[in-house]
Amino acid sequence: MSEEKNLNFLEEIVAADLEAGKYTSILTRFPPEPNGYLHIGHSKSICLNFGLAAKYGGTTNLRFDDTNPVTEDTEYVESIKEDICWLGFNWAQELYASDYFDTLYEYAVQLINKRLAYVDDSRSDEIAALKGTPTEAGKDSIYRSRSVAENLQLFTDMKAGKFKDGEKVLRAKIDMAANNMLMRDPIIYRIKHAHHHRTGNKWCIYPMYDFAHGQSDSIEQITHSVCTLEFIPHRELYDWFITKLEIFPSHQYEFARLNMTYTVMSKRKLLQLVNDGHVNGWDDPRMPTISGFRRKGYTAESIRTFCEKIGVAKRENFIDLSLLEFCLREDLNKIAKRVMAVLDPVKLIITNYEDGKTESLVSENGPEEHMGTRTLTFSKELWIEREDFMEVPAKKWFRLAPGALVRLKSAFIVKCESFSKDEQGNINEIHCTYIPESRSYNDTSGISVKGTIHWVNAATAVEAEIRLYERLFMVENPAGEEAELRDLINPASLEIIRKAYLEPSVATATTAERYQFIRKGYFCLDKESTQTKLIFNRTVTLKDAWSKEMKK
RNA sequence: UGGGUUAUGGUGUAAAGGCAGCACAACAGAUUUUGAUUCUGUUUGUCUAGGUUCGAAUCCUAGUAACCCAACCA
């Protein structure tokens with residue numbers, strides 16, 4: 001087939017390795033640290049790692065990189081697993097770097113025996129000082145020449161808990177003059193008397209990332225270990241450990257992480273938003289976390305499509321949020337059930353409609369035939385959207401205005417005859433006459449109107465709270481600003497409408513369903529919704545050509 | 001000032017010496033009982049300067065810019 005072409009660079013590598021017979025099948029891994037919730041940037045990595053394996057007939061392990069007990073927690077483990085499943089991926093094995101602590105310890109002992117590691121008593125700041133700078137070579141620690149026997153004894157004592165945190169570290173003995181700072185005798189084990197979420201109090205020494213990640217890959221026989229660009233300098237060390245330990249040669253490849261407009265992607269900043277109360281938790285719909293997007297009503301399908309469209313390369317990128325929203329709308333347009341909801345209501349009274357009379361009207365649930373129809377109740381008093389009426393119509397306005405005709409969706413054409421205002425001067429009632437012959441799908445009136453607006457029957461309307469979300473940040477690139485994060489937050493990121501009117505069919509909504517409130521956007525039920533109080537989140541607005549027209 | 005990585009429209013991403021393509025965005029129009037969807041069209045690009053070649057985004061030389069590296073984080 002001709003789609004052989006257009007592979008991303010990682011697919012090319014995998015295809016070439018398979019072609020050359022280097023591997024008979026491939027194994028990738030997704031290696032999160034359980035110290036925070038997954039965000040949209042992780043989606044790219046998840047889709048990439050799982051997608052790569054799936055495309056070439058391999059499998060993917062989920063491995064938690066849990067080497068730092070002070071920041072990690074099972075709460076994060078659970079949320080990460082849930083998010084990956086929700087995205088639609090299945091891992092071959094659920095593994096933990098902590099599963100390998102015994103092996104890793106043995107590897108460290110091997111290095112000591114090969115005179116390739118030593119225990120250093122220096123303080124943290126002393127080690128940093130001797131490390132030099134990128135342009136200046138480092139200097140050897142005075143502990144660098146300890147004997148194998150002494151190192152072995154000290155490392156055993158470290159493990160046995162004979163020292164306090166920070167008193168000693170185990171370092172690889174490589175080259176203090178290396179251009180690559182990571183090769184200047186990196187620390188591979190440090191003392192932390194801390195409870196680990198899986199190994200409990202068994203250990204008081206923990207391996208550093210560089211001494212755990214590559215070896216974990218090797219133990220699992222990962223063929224292609226894919227990570228982000230900032231780990232490029234680590235690759236030399238990654239390979240060094242594999243070579244010196246003479247273990248299975250996994251290989252590391254790096255791609256550019258996802259950056260997106262109007263969002264922050266660092267776990268530190270996301271944690272800060274949560275801890276400082278700028279949002280209501282990790283799954284706040286304004287968060288770029290997978291759980292936040294899920295709660296807001298995004299579909300897994302749309303996120304997968306997005307990750308497909310953004311591509312994979314090694315150059316820094318800054319993806320426009322509108323691409324994600326495009327993927328979302330594309331999916332929602334296909335699956336969302338159309339209903340009517342009035343978010344900012346104003347009363348519309350049909351003066352020539354009989355008091356107390358009601359009639360049933362059939363409306364389609366969506367553009368696709370298979371979505372079916374439902375029945376709406378029509379009567380003399382309706383709610384319509386306040387913004388669909390203009391006392392003094394703008395140019396090109398084709399909604400309601402004094403004397404203007406408009407169609408009520410799936411119902412009748414009405415003509416505005418008059419309106420009234422309250423003491424504050426706000427319009428509180430619009431009076432119309434309707435044209436009985438203009439009944440939808442059976443219109444014999446011969447009148448055609450340019451505008452169609454949505455409405456809800458006042459007597460049978462259901463009340464609901466609606467949460468309207470806007471982007472969390474006011475600036476395109478919050479991470480690139482000097483200002484504090486909190487000063488960049490959009491004060492209008494959440495607007496709560498306490499009382500909106502929905503057509504009664506929505507009263508039985510579930511969080512699994514997706515709705516389009518006609519002309520207002522896509523919405524879904526929030527998890528905080530109850531039987532007595534319906535709460536809906538706006539997932540995304542519809543594209544709005546009129547608001548653009550207005551800005552001109 | 002050391003080392004590493006990357007440069008293609010506004011944003012992404014293809015083109016492996018042979019017509020710079022695709023998507024989003026923007027803009028214009030058609031259709032529309034959602035100012036949605038759908039459809040049609042338009043604008044905008046090979047970091048710079050030299051060189052090789054019939055022909056260069058691609059090869060060579062020299063520059064320039066951006067990002068990463070000096071946590072007992074990952």
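From a predicted model like this one, the values you see are computed outputs, not experimental measurements. Only this structure's heavy atoms are used, side chains among them; waters, hydrogens and symmetry mates stay out.
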(request) Please work out if A:Thr452 contacts a base, only the sugar-phosphate, or nothing of the nucleic acid, heavy-atom cut-off 4.0 Å. (result) sugar-phosphate
(message) Please convert RNA chain B into dot-bracket. A pair counts if it is Watson-Crick or G-U wobble with both distances under 3.5 Å; crossing pairs go in [ ] and bases paired with another strand get |.
(response) .((((((..((((....[..)))).(((((.......)))))....(((((..]....))))))))))).....
(message) Apply side-chain hydrogen bond (donor to acceptor under 3.5 Å, both in side chains) to residues A:Thr452 and A:Arg519 and explain how you reach the verdict.
(response) CA-CA 10 Å; A:Thr452 298; A:Arg519 304 205 305 132; over 6 Å; no
(message) Output the rounded distance in Å from CZ (A:Arg407) to P (B:G35).
(response) 13 Å
(request) Using a 4.0 Å cut-off on protein heavy atoms (strictly under), produce a 5'-to-3' string for nucleotides 67-74 of chain B with B for base contact, S for backbone-only sugar-phosphate contact, and - for none. (result) S-SB-BSB
(message) Please report the distance separating the P of B:C19 from the corresponding atom of B:G4, rounded so that it comes out in whole Å.
(response) 35 Å
(message) Check the phosphate of B:U33 against A:Lys450, side-chain N and O only, distance under 4.0 Å to OP1 or OP2. Yes or no?
(response) no
(request) Please name all residues satisfying ring pair (Phe, Tyr, Trp, His ring centres under 6.0 Å) with A:His454, sequence neighbours left out, ordered by chain then number. (result) none
(message) If the test is ring pair (Phe, Tyr, Trp, His ring centres under 6.0 Å), which one of A:Phe155, A:Tyr100, A:Phe211 qualifies with A:Tyr105?
(response) A:Phe155
(message) Whole angstroms only, please: what is the CZ-P distance between A:Arg184 and B:G2?
(response) 13 Å
(message) Just by distance, no angles: are the side chains of A:Arg471 and A:Thr261 close enough, under 3.5 Å, to form a donor-acceptor pair?
(response) no
(message) How long is the straight-line distance from NZ of A:Lys168 back to OG of A:Ser122, given to the nearest 0.5 Å?
(response) 10.0 Å
(request) Would you indicate what A:Lys520 reaches in the nucleic acid, counting non-hydrogen atoms under 4.0 angstrom: base, sugar-phosphate, or nothing? (result) nothing
(message) Measure CD/A:Glu476 against C1'/B:A25 and give the value in whole Å, please.
(response) 11 Å
(request) For the residue pair A:Asp217 and A:Ser225, confirm or rule out a side-chain donor-acceptor distance under 3.5 Å. (result) yes
(request) With P as the reference atom in both, quote the distance from B:A7 to B:G29 in angstrom, rounded to an integer. (result) 39 Å
Close N or O pairs between protein and nucleotides 36-39 of chain B (under 3.5 Å):
| residue | atom | partner | partner atom | Å |
| --- | --- | --- | --- | --- |
| B:U37 | O2' | A:Asn333 | ND2 | 3.0 |

(message) Over 60° means perpendicular and under 30° means parallel, so tell me whether A:Tyr206 and A:His196 are parallel, tilted or perpendicular.
(response) parallel
(message) For a 4.5 angstrom cut-off between non-hydrogen side-chain atoms, does A:Ile453 reach A:Glu385?
(response) no
(request) May I ask you to decide if A:Ala256's main-chain N or O and A:Lys44's side chain share a donor-acceptor pair within less than 3.5 Å? (result) yes
Could you write out each protein N or O paired with an N or O of nucleotides 19-24 of chain B at a distance under 3.5 Å?
| residue | atom | partner | partner atom | Å |
| --- | --- | --- | --- | --- |
| B:C24 | O2' | A:Ser322 | OG | 3.4 |

(message) Under 4.0 Å, heavy atoms only, any strand: does A:Val449 hit a base, just the sugar-phosphate, or nothing?
(response) nothing
(message) Salt bridge check, A:Glu220 against A:Arg29: does any charged N sit closer than 4.0 Å to a carboxylate O?
(response) no
(message) Would you say A:Arg315 places a side-chain N or O within less than 4.0 Å of OP1 or OP2 belonging to B:U13?
(response) yes
(request) Let me know the distance between CG of A:Leu400 and P of B:G35, rounded to the nearest Å. (result) 13 Å
(request) Measure across A:Leu154 and A:Phe163 and return the closest heavy-atom pair with its distance rounded to 0.1 Å. (result) O-CE1, 3.7 Å
(message) Any base atoms under 4.0 Å from A:Tyr206, or only sugar-phosphate, or nothing? Heavy atoms, all strands.
(response) nothing
Listing time: all N or O pairs from protein to nucleotides 42-47 of chain B that are below 3.5 Å?
none

(request) Starting from C1' on B:G4, measure out to CG on A:Asp239 and report it in whole angstrom. (result) 14 Å
(message) Whether the side chain of A:Asp66 engages the backbone of A:Ala97 through a donor-acceptor N/O pair (distance < 3.5 Å, no angle test) should be reported.
(response) yes
(message) Strictly distance-based, threshold 3.5 Å: is any side-chain N or O of A:Arg123 a donor or acceptor partner for the main-chain N or O of A:Ile127?
(response) no
(request) For A:Ile518, answer base if it contacts any base atom (sugar-phosphate contacts may also be present), sugar-phosphate if it contacts only those atoms, and nothing otherwise; contact means non-hydrogen atoms under 4.0 Å. (result) base
(request) Starting from P on B:G35, measure out to CD on A:Glu549 and report it in whole angstrom. (result) 14 Å
(request) Starting from the 5' end of RNA chain B, give me the residue, A:Phe318 or A:Glu136, whose nearest nucleotide shows up first. (result) A:Glu136
(request) Could you work out which one of B:G35, B:U13, B:C27 sits closest to the side chain of A:Lys396? (result) B:G35
(message) Without decimals, in angstroms, what is the distance between A:Phe306 CZ and B:U11 C1'?
(response) 11 Å
(request) Between B:C67 and B:G55, how far apart are the C1' atoms? Round to whole Å, please. (result) 35 Å
(message) Of the options B:U33, B:U6, B:G4, whose atoms approach the side-chain atoms of A:Ile232 most closely?
(response) B:G4
(request) Run the salt-bridge test on A:Arg257 and A:Glu230 with the 4.0 Å N-O cut-off and return the result as yes or no. (result) yes
(message) Between C1' on B:G12 and CZ on A:Phe255, what's the gap in Å once rounded to a whole number?
(response) 15 Å
(message) If I pick the C1' atom on B:G18 and the same atom on B:A57, what distance separates them, to the nearest angstrom?
(response) 13 Å
(message) I'd like to know if A:Asp99 and A:Arg63 make a salt bridge, using a cut-off of under 4.0 Å between side-chain N and carboxylate O.
(response) no
(request) Could you tell me whether A:Phe536 and A:Phe523 have their ring centroids closer than 6.0 angstrom? (result) no
(request) Give a yes or no on whether a donor-acceptor pair under 3.5 Å exists between the nucleobase atoms of B:U33, that is its base, and the side chain of A:Ser440. (result) yes
(request) Quote, to the nearest angstrom, the C1' distance that separates B:C54 from B:G17. (result) 12 Å
(message) Ring centroids only, cut at 6.0 angstrom: are A:Tyr209 and A:Phe231 within range, meaning strictly under it?
(response) yes
(message) Please check: side-chain N/O of A:Gln516 versus main-chain N/O of A:Ala336, any donor-acceptor pairing under 3.5 Å?
(response) no
